[in-house]
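Worksheet: one structure, shown below.
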Amino acid sequence: MSTTAASPYRRTHTCGALRPADVGRSVLLCGWVNSYRDHGNLIFVDLRDRFGITQLVFDREDGAHEVQELADRLRNEDVISVSGKVRIRVGGPNPKLATGEVEVVVGALHILNKTVAPPFLPDDLSALPNEELRLTHRYLDLRRPRMQQILGLRHRVTKIARDYFDENGFLEIETPVLYKSTPEGAREFLVPSRLQPGEWYALPQSPQLFKQILMIAGCDRYLQICRCFRDEDPRADRQAEFSQIDLEMSFVQREDVMAMMEGFARRLWKEALGIEVPPIRRMSYREALETYGIDRPDLRYGLPIADISEIARKADFKVFQDALIKGADRPRFSSKRGVVKALRVPGGAEKLTRKITDGYTEWAKTFGAGGVAVVKLTPAGFETGIAKFIEPLRAELTAALSLQPGDTALFVADVYSVATKTMGELRQKVARDMGLVPEWGKAWEFLWVIDFPMFEKNKDTGKWVASHHPFTAPRHDQQAAFVAAPESDEDVIESMVSAGYDLVLNGSEIAGGSVRIHDPAVQSKVFSLLGLTPQQAQEKFSFLLDALKFGAPPHGGIAFGLDRLIMHLAGTENIRDVIAFPKTQTGADLMTHAPGPVTSAQLRDLHVASTWTPPAKK
RNA sequence: GGGGCGGUAGCUCAAUUGGUUAGAGUACCGGACUGUCGAUCCGGUGGUUGCGGGUUCGAGUCCCGUCCGCCUCGCCA
């Protein structure tokens, strides 16, 4: 490509810029051939870049012969530059395009990069190719306007975050990616040290301790848009490598952090979608679990869950009795205590067919429940399913559940933890089956969930684990009681409520945080309850315990899951849609082929030997 | 680690109960065409049905194994 005085790449406009006001101008555009319509002596080319599409016209009558010959060979996704004159479209406007009133009559054409036939065309009209192919040719996939829009949205969100928190006195500070292993919590990615044989770094699950240290360092308010790593199996909304909008504030209680975040959410929705977020309501963890069976309730529909254990106790029905006998001596919300949970489905008698409700039982087993009992209310009484067992209790149940003729009631009987979880999942499934979930953009149900328990018992080991993380403080009004609480008294420990908070949107957790412990005595007690000896605590977290002794301000913070946030704002169900270069279910990057092998010399440098031997072939 | 769904032309899909030479649209190649805009019209190339084994007179279709992708349970302080 010869470049004379004028570079053939020096654009005067983008492909989304030209308007009738530009008519008569000589312009130079660069971009990709989005489509071409070849009429022989008249050729139309839609030229595309990130900013839009502009129609080019090659006309043999008033164009040079060589240009026409060149244009005749143009194919989708060729990269070209053209110069020519803007004019009003001769064939009438195209209302689908922002530039649809004008066209560029091309005088000169440079083919900057001729493409081979691409495996798929990056348009939003045709059916998406399978995801494997999209990920393999990510550079093609990202050319699609929809993907460009999401990339742009993500950029705007992080910009708004930086602006908002800057205006509120936050300092953006980077923290290490090569960190130290803290094996509590998620499985970690490890990095061997070359300079210290046998020693390892870990990639951070979050910058949690660094941001606390920054508060102790007097930074007052910290922000970071940071990458976090958790080596766990992915889900539709979860990747091993993900991003957080992470922040921490000094001299605050939970109200201050929540207010700051609420302001951010309000600003985001306003600027990104033009939507006003009303004051965000709050709900205790206990209420969320009791009424919705989950700690992140989706409030876009009703379907509250009821505990009907006391009524069910009177039923001559073995499934109920067997469940209720379990842990009967345990306190009310003990995870081991048997309960019967019920869900009223208004109008379910007609919509929830036998086939659907039969499916619920199979599906409930994946959550460890025995099944789902079903009954329909007709004017004549209960019908189908377990009707004969509970008909004597019809009056009580109808009152307790506000049942109307035409409703279906679903029951799960099991120990509290299983029944609650199963019912919570069932509620969401029923909402989908009943068509109660609004389509994207129609409802934004924000919710703060607060008053989480400090600790939960691990069901396998029987040990206490921190519900949030070990640096979460007890709720403001419980600090003294916590320090005084005898470690051996399970009921007291289980009743301790933390100063944590989760921000939930439409049933998905988009942010979570807490006020942190800033008192070394409290921190030591937490470590002790978690089963760490003072020596172990010292080994793992000496830097934090030390720092807490050198003048630690009260502080708290929160982290927004950036990827999930973008999913909500973009209206996609798939986290890979909001990450430029995502990984597959098996942690592979199909474009770069990571992970891949390394040489034995590399391993030797790192003082590492692989124990992996490929399975023998035949 | 468990469960489910999928893999057929470059791409998106079809192929009856296991039965002829595996089809269509699109892309690609060639041709026609001066106002299209997902241009149109005519013609053409293109297939190890993911891979390996098995059952069968006969396998895209059934069985076993395996690879890849997706969803999910466990897991995700």
Side-chain angles (χ1 to χ4, degrees), chain A residues 34-46 53-63 68 72-73 75-77 89-97 99-100 103 105 115-137 140 182-188 205-206 208-209 228-240 242 362-368 421-422 425 454-456 458-460 463-472 500 509 512 514 526-527 530 532 540 561 573-574 576 583-586 588 590 615 617-618:
Chain A
N34 193 64
S35 66
Y36 58 95
R37 297 173 290 280
D38 187 345
H39 293 230
N41 289 323
L42 181 70
I43 300 172
F44 298 98
V45 169
D46 287 347
I53 286 178
T54 299
Q55 173 165 286
L56 312 177
V57 186
F58 298 85
D59 192 333
R60 193 181 289 277
E61 269 187 9
D62 47 41
Q68 205 68 14
D72 193 48
R73 300 213 314 270
R75 291 297 179 268
N76 291 331
E77 301 308 309
R89 286 192 181 211
V90 174
N94 180 352
K96 290 181 195 166
L97 299 179
T99 63
E103 61 190 11
V105 191
T115 185
V116 297
F120 60 91
L121 292 178
D123 63 61
D124 290 335
L125 294 167
S126 38
L128 282 176
N130 79 53
E131 194 152 11
E132 218 171 325
L133 199 71
R134 292 177 59 194
L135 293 173
T136 304
H137 301 277
L140 293 179
T182 52
E184 294 79 18
R187 191 180 297 113
E188 297 173 317
Q205 299 176 38
S206 84
Q208 179 60 35
L209 292 179
C228 304
F229 306 87
R230 294 177 191 174
D231 189 6
E232 302 289 353
D233 288 4
R235 288 288 185 275
D237 63 350
R238 209 170 81 189
Q239 287 252 308
F242 63 100
E362 273 318 297
W363 171 84
K365 288 177 181 167
T366 66
F367 303 102
K421 160 111 183 162
T422 305
E425 297 291 336
M454 286 281 289
F455 304 97
E456 291 162 13
N458 179 297
K459 42 186 176 296
D460 298 327
K463 289 183 175 175
W464 291 114
V465 293
S467 310
H468 184 50
H469 58 53
F471 319 106
T472 301
E509 181 196 327
S514 61
V526 169
F527 285 149
L530 294 177
L532 290 179
K540 290 182 180 187
E573 306 270 284
N574 178 340
R576 291 176 301 282
K583 291 180 174 59
T584 68
Q585 197 91 184
T586 54
L590 297 180
K617 284 180 183 171
K618 276 212 244 199

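Of the C1' atoms belonging to B:U45 and B:G2, the separation is 47 Å, rounded to the nearest Å. Across B:G46 and B:G52, the matching P atoms stand 22 Å from one another, rounded to whole Å. With both ends at atom C1', the span from B:A22 to B:A15 equals 7 Å, rounded to whole Å. B:C70 and B:G10 are spaced 22 Å apart, taking the P atom of each and rounding to whole Å.
Between A:F242 and A:R230, the closest side-chain pair of non-hydrogen atoms falls below 4.5 Å. For the pair A:R134/A:L590, no side-chain contact is recorded, criterion being any heavy-atom separation below 4.5 Å from C-beta on.
Between A:E61 and A:D46, the residue anchored closer to the 5' end of RNA chain B is A:E61, taking for each the nucleotide with the nearest heavy atom. When the nearest nucleotides of RNA chain B are assigned to A:D59 and A:E573 by heavy-atom distance, the more 5′-ward of the two goes with A:D59.
Applying the side-chain contact (heavy atoms from CB on, under 4.5 Å) criterion to A:Q585, with sequence neighbours excluded, gives A:P234. Taking A:R235 as the reference, nothing meets the salt bridge (charged side-chain N to carboxylate O under 4.0 Å, His left out) condition, with sequence neighbours excluded. Residues meeting the salt bridge (charged side-chain N to carboxylate O under 4.0 Å, His left out) test with A:E131, sequence neighbours left out: A:R576. Every ring-ring contact (aromatic ring centres under 6.0 Å, His included) that A:F527 has, sequence neighbours left out, goes to A:F541. Remark: A:D124 pairs with A:R144 by the side-chain hydrogen bond (donor to acceptor under 3.5 Å, both in side chains) rule, at least two apart or across chains. Judged as a ring-ring contact (aromatic ring centres under 6.0 Å, His included), and not counting sequence neighbours, the contacts of A:F367 are A:W363. In this view, A:K365 and A:T361, A:E362 satisfy the side-chain contact (heavy atoms from CB on, under 4.5 Å) rule, not counting sequence neighbours. Every residue two or more places apart in sequence or in another chain that forms a ring-ring contact (aromatic ring centres under 6.0 Å, His included) with A:H137 is listed here: A:Y139. Partners of A:D46 according to the salt bridge (charged side-chain N to carboxylate O under 4.0 Å, His left out) rule, which considers only residues two or more places apart in sequence or in another chain, are A:R37.
Rounded to an integer number of Å, the gap from CG of A:D124 to P of B:U12 is 16 Å. In this structure, the CD atom of A:E232 is 16 Å from the C1' atom of B:G2, given to the nearest Å. If you take CD of A:E362 and C1' of B:C73, they are 14 Å apart, rounded to a whole angstrom. The CD-P distance, from A:Q205 to B:C75, rounds to 15 Å in whole Å. Taking atom CZ of residue A:F367 and atom C1' of nucleotide B:U72, one finds them 8 Å apart after rounding to whole Å. The interatomic distance linking A:Q55 (CD) with B:U36 (P) rounds to 10 Å, in whole Å. Note: CD (A:Q239) to P (B:C76) measures 18 Å, nearest angstrom. With rounding to whole Å, A:K365 atom NZ is found 17 Å from B:G74 atom P.
Residue A:K421 is in sugar-phosphate contact alone, with no base atom involved, counting any heavy-atom pair closer than 4.0 Å across all strands shown. The residue A:G92 sits close to a base: some heavy atom pair falls under 4.0 Å. Among the heavy atoms of the strands, none lies under 4.0 Å from A:F471. At the heavy-atom level, A:I43 lies nowhere under 4.0 Å from the strands shown. Looking at heavy-atom distances under 4.0 Å, A:R134 makes no contact with the nucleic acid at all.
Each of B:U72, B:A77, B:A39 was ranked by its minimum atom distance to the side chain of A:Q585; first place goes to B:U72. Comparing B:A77, B:U34, B:A27 against the side chain of A:R230 picks out B:A77 as the nearest. If you check B:C70, B:A39, B:G69 against the side chain of A:T586, the one that comes closest is B:G69. Comparing B:U36, B:U34, B:G74 by their nearest atom to the side chain of A:R235 picks out B:G74. Picking from B:A77, B:C28, B:C76 the nucleotide with the shortest atom distance to the side chain of A:H469 gives B:A77. Looking at the side chain of A:E132, the nearest of the listed nucleotides B:U72, B:G35, B:C68 is B:C68. Nearest to the side chain of A:R89, among B:C37, B:G69, B:A77, sits B:C37. With B:G38, B:G35, B:C75 as the candidates, the nucleotide lying closest to the side chain of A:E103 is B:G35. Side-chain atoms of A:A236 lie closest to B:U72 of the nucleotides B:A77, B:G74, B:U72. Residue A:T584 places its side chain closer to B:G69 than to any other of B:A77, B:G69, B:A27.
Looking only at distances, a side-chain donor or acceptor of A:Q68 sits under 3.5 Å from a matching main-chain atom of A:N41. When atom types are taken as modelled, the side chain of A:Q239 and the backbone of A:K583 share a donor-acceptor pair closer than 3.5 angstrom.
Look at A:R576 and you'll find a side-chain N or O under 4.0 angstrom from OP1 or OP2 of B:C71. A close approach under 4.0 Å does occur between a side-chain nitrogen or oxygen of A:Y36 and OP1 or OP2 of B:C28. Applying the 4.0 Å criterion to OP1 and OP2 of B:G2, one finds that A:T366 has every side-chain N and O outside that range. Phosphate proximity of B:A39 to A:R37: present, with a side-chain N or O under 4.0 Å from OP1 or OP2. Between B:G38 and A:K96, a contact under 4.0 Å exists linking OP1 or OP2 to a side-chain N or O.
Of all nucleotides present, only B:G4 satisfies the Watson-Crick or G-U wobble test against B:C70, with each distance under 3.5 Å. Nucleotide B:U34 is matched to nothing when pairs are restricted to Watson-Crick or G-U wobble geometry with both distances under 3.5 angstrom. Base pairing of B:C62 is made with B:G54, judged by Watson-Crick or G-U wobble geometry with both donor-acceptor distances under 3.5 Å. Applying the Watson-Crick and G-U wobble criteria (two distances, each under 3.5 Å), B:C29 pairs with B:G43.
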Using atom names, set out every protein N or O paired with an N or O of nucleotides 30-33 of chain B below 3.5 Å, distance rounded to 0.1 Å.
{"unit_1": "B:C33", "atom_1": "N3", "unit_2": "A:D38", "atom_2": "O", "d": "3.1"}
{"unit_1": "B:C33", "atom_1": "N3", "unit_2": "A:G40", "atom_2": "N", "d": "3.2"}
{"unit_1": "B:C33", "atom_1": "N4", "unit_2": "A:G40", "atom_2": "N", "d": "3.1"}

Extract from the structure each pairing of a protein N or O with an N or O of nucleotides 22-26 of chain B at less than 3.5 Å, listing the distance.
none

Below 3.5 Å is the cut-off: list the nitrogen or oxygen pairs between protein and nucleotides 8-11 of chain B, distance only.
{"unit_1": "B:G10", "atom_1": "O2'", "unit_2": "A:P119", "atom_2": "O", "d": "3.4"}
{"unit_1": "B:C11", "atom_1": "O4'", "unit_2": "A:P119", "atom_2": "O", "d": "3.0"}

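Residue A:T99 holds its OG1 atom at 6.0 Å from CZ of A:R89, rounded to the nearest 0.5 Å.
Using a cutoff of 4.0 Å between basic side-chain nitrogens and carboxylate oxygens, A:E184 and A:K540 are scored as salt-bridged.
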